[in-house]
Structure formats: structure tokens, C-alpha cells
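Report on the following structure.
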Amino acid sequence: MTEKQQFGRRGEELALAFYKDNQYIILEKNWQSNHLEVDIIAKNDEYIVFCEVKTRSGNLFGNPEQSVTPQKQRNLIRAANHYVLKHRIMLEVRFDIISIIFNGEEHTLEHIPFAFLPKW
């Protein structure tokens, strides 16, 4: 695993802990369907959540969530549609972004629920 991949995994572990601490059930992590991937799929009583985790070592080039492009959003929506149909999910779908910025060993985590909506 490259250093960049290890860095991303650290962020994903923090995001998983955030959801668990907030009473979500983790259904999947790094779920893949063909060429599509979702970092975290979680649920609570109201929603199934498809989360993109973005981890950076600073925000010199913008906040991490700004790198979730319209194309990435479309891919997440496609993946979510596949997952919901495959597993016959009856909960409302929500798309979140968790943005993590490390400053040495310290970090900030921002949870952005309803980060974007599907455009059908």
C-alpha cells in the first residue's frame, strides 16, 4: 500500500468512527460495483447513507470536499442506485461527504450531510 493510500485509509477509519459514534450501522466500506466505488455505506432508522471521504494534509488548494466533482457525484449516484436495487433497500437515500484535514497528528473532520442530491 502506498503512502497516499495509507493516508486515505486513516481518513476513512476516522469517518467510520464518526458514523459509529453517531449510532449508524456500517453496511459496507470500499464497496465496489464494476468501476464504481463508495467509501462508506451506512444506515440509521431514516436513511441509507452513501459517503465519500476526502482526506488532505492541508487546504492550500481548497477544502477536500471541493474535489467531489460533478462526475464523481454521478458515479456515486449510479453506485447507490445499483446497491439499493440489489439489496432492495426501502430507506431514503442520502449522500454525505466527510472532509478531513490533517495538521501533523491533529485533524479536523467536517461531516456534510446531504452534500448533493441526485439529478435525474
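These values consider heavy atoms only, across backbone and side chains, with no hydrogens, waters or symmetry-generated copies. Because the structure is predicted, anything quoted here is derived from the model rather than measured.
With hydrogens and angles left out, the side-chain atoms of N81 and R78 include no donor and acceptor closer than 3.5 Å. Side-chain atoms of R9 and T55 include no donor-acceptor pair closer than 3.5 Å.
Nearest heavy atom pair, residue S57 against residue I101, reads C-CG2, 4.4 Å. Nearest heavy atom pair, residue A79 against residue V38, reads CB-CG2, 3.7 Å. Minimum heavy-atom separation, L91 to D45: CD2-O, 3.5 Å. Q73 and V68 make their closest contact through NE2-O, 3.4 Å (heavy atoms, listed as atom of the first residue, atom of the second, distance).
In this structure, CE in M90 is found 10.5 Å from CZ in R88, a value given to the nearest 0.5 Å. To the nearest 0.5 angstrom, I40 atom CD1 is 9.5 Å from E52 atom CD. The CD1 atom of I97 sits 10.5 Å away from atom CG of D39, with the distance rounded to the nearest 0.5 Å. Atom CZ of R56 sits about 4.0 Å away from atom OG of S67, to the nearest 0.5 Å.
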| task | Evaluate the criterion side chain to side chain contact (heavy atoms under 4.5 Å, CB included) for residue pair V49 and F95; output intermediate values, then yes/no. | result | CA-CA 6 Å; V49 178; F95 295 94; over 6 Å; no
| side chain to side chain contact (heavy atoms under 4.5 Å, CB included) assessment of K54 paired with E65 | CA-CA 6 Å; K54 289 296 181 186; E65 66 270 15; 5.8 Å; no
| task | Apply salt bridge (charged side-chain N to carboxylate O under 4.0 Å, His left out) to K29 and E12, showing your working. | result | CA-CA 9 Å; K29 59 182 183 176; E12 287 176 3; over 6 Å; no
| task | Decide salt bridge (charged side-chain N to carboxylate O under 4.0 Å, His left out) for R10 and E105; before the verdict, give the C-alpha distance in whole Å, the side-chain angles of both, and the deciding distance to 0.1 Å. | result | CA-CA 11 Å; R10 282 177 63 199; E105 289 302 311; 3.8 Å; yes
| task | Could you please spell out the steps behind the side chain to side chain contact (heavy atoms under 4.5 Å, CB included) verdict for I98 and E110? | result | CA-CA 6 Å; I98 291 189; E110 182 179 1; over 6 Å; no
| For K20 and I26, what are the C-alpha separation, side-chain angles and deciding distance, and is it a side chain to side chain contact (heavy atoms under 4.5 Å, CB included)? | CA-CA 7 Å; K20 288 176 184 176; I26 305 301; 3.8 Å; yes
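The environment of CD in Q71 is crowded: more than 12 heavy-atom neighbours from other residues, nucleotides or ligands sit within 6.0 Å. Heavy atoms from other residues, nucleotides or ligands lying under 6.0 Å from CG of N103 number 12 at most. Other residues, nucleotides and ligands contribute more than 12 heavy atoms inside 6.0 Å of the CG atom of D21.
Ring centroids of F50 and F116 are separated by 6.0 Å or more, keeping the two rings apart.
Two different hydrophobic clusters hold I77 and L117 under the rule that ILVMFWY side chains link at heavy-atom gaps under 4.5 Å.
With hydrogens and angles ignored, the 3.5 Å screen pairs no side-chain donor or acceptor of N44 with any backbone N or O of Y24. S33 places no side-chain N or O within donor-acceptor distance of the main-chain N or O of L36, the cut-off being under 3.5 Å.
For R94 and F114, the positive end sits near the middle of the six-membered ring, less than 6.0 Å away and at most 45° from its axis.
E92 is not listed as a side-chain neighbour of I48, based on a closest heavy-atom distance of 4.5 Å or more. Looking at heavy atoms from C-beta onward, D96 lies in side-chain contact with Y19 at the 4.5 angstrom threshold.
Using the six-membered ring where Trp is involved, F18 and H111 have ring planes that are tilted, between 30° and 60° apart.
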